[in-house]
Amino acid sequence: MNIKESVLAGRLPAGLRIFDGHAHLGDGEQGGAYIRSLPVAESLRLSRRIGIGALAASGLKCISGEAPAGNERMMELAREFPGYVYVSIFYDPHFHDPCMAQLVKYRQDPAVVGVKIHPRDTGTSIASADYDRLYEYCAARGILVACHTWETEPANNPADFAPVLERFPELKLQLCHMGGTYRGCLDSLRLANRFPNVYLDFNGSLYSRIWLEELVRQAPLERFVFGTDQTFNDPRIMVGRVLLSDLEDREKEQLLCVNFERLLERTLIP
């Protein structure tokens with residue numbers, strides 16, 4: 001019985017590893033999308049129930065203008081849920097010194113997987129040079145930078161990353177949502193096919209209305225990484241999108257966990 005058949009029969013396959021590489025956690029903060037977040041314990045309960053074996057999250061406090069405090073809260077959660085909650089240290093250019101100090105302090109902590117930036121909510125375009133100090137630091141050390149992208153938001157258009165990647169070709173970049181729209185999705189695919197360190201977080205690709213089976217044929221399979229965008233999105237949507245697809249089991253396993261582990265060169269779920 002393959003993965004799809006098992007799920008249709010009402011059970012998750014034994015040993016299936018799912019790593020959510022794009023999540024948000026908080027304690028009831030109001031997010032930028034005006035959706036009240038689930039309490040942390042409830043978010044993690046739901047994640048475990050649907051088979052997510054671990055997740056990488058940034059703090060909801062961070063996108064509401066409290067990046068340093070949000071990062072410290074996320075490190076507390078990583079200690080409270082070791083091996084399940086991993087942290088993407090949030091960088092806000094308006095808090096460059098404290099955010100960089102946290103990145104320097106925590107970057108070798110096993111709970112930290114990289115950096116998260118959100119140009120729209122920090123009011124700083126990826127097309128500007130305001131992130132260059134971060135990009136330079138991360139490119140030199142192989143630190144993954146995950147960026148919220150959305151083609152219709154001027155600060156977050158993934159196509160604007162082309163000159164950034166020309167300046168910093170070693171930068172490991174995770175395009176969260178793949179630009180959201182159909183055009184943004186195509187722009188993200190073009191970047192991944194042009195630059196070897198671009199990874200496609202296909203959470204938002206569902207808005208593009210491109211079938212997953214078609215999407216993953218348009219760039220190398222190893223460049224696609226799994227994320228749910230919880231708590232803004234219900235994680236069951238993205239888990240189901242992969243599990244019930246007509247992709248081969250080997251491909252599903254790559255998308256759900258293997259690709260992210262290879263990107264980071266470490267095991268996240270034993």
Side-chain angles (χ1 to χ4, degrees), residues 2-3 6-7 11-25 40 43-59 71 74-90 102-116 138-147 170-176 192 196-203 216 219-230 235 238-239 241-243 245 247-270:
N2 64 25
I3 291 174
S6 295
V7 174
R11 58 181 177 272
L12 289 168
L16 180 65
R17 300 187 307 145
I18 304 176
F19 183 81
D20 182 357
H22 176 187
H24 304 269
L25 293 175
V40 171
S43 292
L44 300 184
R45 185 198 67 80
L46 176 59
S47 294
R48 293 181 191 276
R49 184 175 181 181
I50 62 176
I52 293 175
L55 54 84
S58 56
N71 287 331
M74 285 305 307
M75 294 306 299
E76 291 174 3
L77 291 175
R79 304 288 180 257
E80 188 175 348
F81 302 98
Y84 196 85
V85 172
Y86 291 87
V87 178
S88 296
I89 296 291
F90 194 93
Q102 289 174 319
L103 180 56
V104 170
K105 177 181 179 180
Y106 292 124
R107 73 179 181 88
Q108 293 185 318
D109 190 298
V112 172
V113 298
V115 176
K116 177 67 181 289
C138 292
R141 294 162 179 81
I143 299 171
L144 175 66
V145 175
C147 180
E170 301 302 318
L171 181 67
K172 289 184 177 181
L173 180 64
Q174 176 183 344
L175 296 177
C176 299
N197 293 311
V198 171
Y199 295 85
L200 302 168
D201 173 354
F202 59 94
N203 159 260
V216 300
L221 184 69
E222 61 268 19
R223 299 289 192 81
F224 291 87
V225 293
F226 179 75
T228 69
D229 198 27
Q230 63 169 308
M238 285 306 299
V239 171
R241 190 178 190 219
V242 178
L243 297 184
S245 73
L247 296 172
E248 297 179 4
D249 282 4
R250 173 191 58 82
E251 295 173 311
K252 293 178 183 181
E253 291 166 356
Q254 275 192 252
L255 295 177
L256 291 170
C257 185
V258 172
N259 286 349
F260 212 103
E261 289 187 330
R262 287 177 178 169
L263 159 60
L264 296 180
E265 299 180 347
R266 56 187 288 204
T267 299
L268 299 166
I269 302 176

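Both backbone and side-chain heavy atoms feed into the values below; hydrogens, waters and symmetry mates do not. Position 1 is the first residue of the sequence, and the numbers go up from there.
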Using the test side chain to side chain contact (heavy atoms under 4.5 Å, CB included), find all partners of [X] that sit at least two apart in sequence or belong to another chain.
| X | value |
| --- | --- |
| R107 | L103, Y137, R141, I143 |
| A23 | D20, L55, A57, Q230 |
| P220 | N193, E222, R223 |

Any chance you could measure [X], atom [atom1], to [Y], atom [atom2], to the nearest 0.5 Å?
| X | Y | atom1 | atom2 | value |
| --- | --- | --- | --- | --- |
| I52 | L44 | CD1 | CG | 9.5 Å |
| C138 | L144 | SG | CG | 8.5 Å |
| Y106 | I89 | OH | CD1 | 7.0 Å |
| L25 | S43 | CG | OG | 5.5 Å |
| I3 | L16 | CD1 | CG | 5.0 Å |
| L175 | F224 | CG | CZ | 11.0 Å |

(message) Determine whether S6 and L12 satisfy the following criterion, side-chain contact (heavy atoms from CB on, under 4.5 Å), listing intermediate values before the conclusion.
(response) CA-CA 6 Å; S6 295; L12 289 168; over 6 Å; no

If we only count heavy atoms from C-beta on, is the [X] to [Y] side-chain gap below 4.5 Å?
| X | Y | value |
| --- | --- | --- |
| C257 | I18 | no |
| F226 | F202 | yes |
| V198 | K172 | no |
| D229 | H24 | yes |
| V40 | V85 | no |

List the residues meeting salt bridge (Lys or Arg N to Asp or Glu O under 4.0 Å) with [X], not counting sequence neighbours, and say none if there are none.
| X | value |
| --- | --- |
| R79 | D109 |
| R45 | E42 |
| E76 | R73 |

(message) Give me each pair satisfying salt bridge (charged side-chain N to carboxylate O under 4.0 Å, His left out) with a member in residues 249-259, each pair once, sequence neighbours excluded.
(response)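 Matches after skipping sequence neighbours: R217-E251, E248-R250.
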
Donor-acceptor pairs under 3.5 Å, side chain of residues 263-270 to any protein atom, not counting sequence neighbours: which ones?
{"from": "R266", "atom 1": "NH1", "to": "V112", "atom 2": "O", "distance (Å)": "3.1"}
{"from": "R266", "atom 1": "NH2", "to": "P110", "atom 2": "O", "distance (Å)": "2.4"}

(message) Quick check on the 6.0 Å ring-centre criterion: do F19 and Y86 meet it?
(response)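 Yes; Y86 has its ring centre under 6.0 Å from that of F19.
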
Which heavy atom of [X] sits nearest to which heavy atom of [Y], and what is that distance?
| X | Y | answer |
| --- | --- | --- |
| G59 | M74 | N-CG, 3.4 Å |
| S88 | K116 | CB-CB, 3.9 Å |
| A78 | A111 | CB-CB, 3.7 Å |

Tell me, please, which residues at least two apart from [X] pass side-chain hydrogen bond (donor to acceptor under 3.5 Å, both in side chains).
| X | answer |
| --- | --- |
| Q102 | N71, E72 |
| N259 | Q254 |
| D201 | H22, Q174 |

(message) Going by the rule ring-ring contact (aromatic ring centres under 6.0 Å, His included), which residues pair with F90 if we only count those two or more places apart in sequence or in a different chain?
(response)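 F90 satisfies ring-ring contact (aromatic ring centres under 6.0 Å, His included) with no residue once adjacent residues are dropped.
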
(message) Please check this pair: side chain of Y84 against backbone of R48, looking for a donor-acceptor N/O pair closer than 3.5 Å.
(response)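 Confirmed, Y84 side chain pairs with R48 backbone.
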
(message) Is there a side-chain contact (heavy atoms from CB on, under 4.5 Å) between V225 and L255? Walk through the geometry before answering.
(response) CA-CA 6 Å; V225 293; L255 295 177; over 6 Å; no

(message) Evaluate N203 against C176 for side-chain contact (heavy atoms from CB on, under 4.5 Å), listing each step before the verdict.
(response) CA-CA 7 Å; N203 159 260; C176 299; over 6 Å; no

(request) Tell me, with the steps shown, if V216 and L247 meet side-chain contact (heavy atoms from CB on, under 4.5 Å). (result) CA-CA 9 Å; V216 300; L247 296 172; 3.8 Å; yes

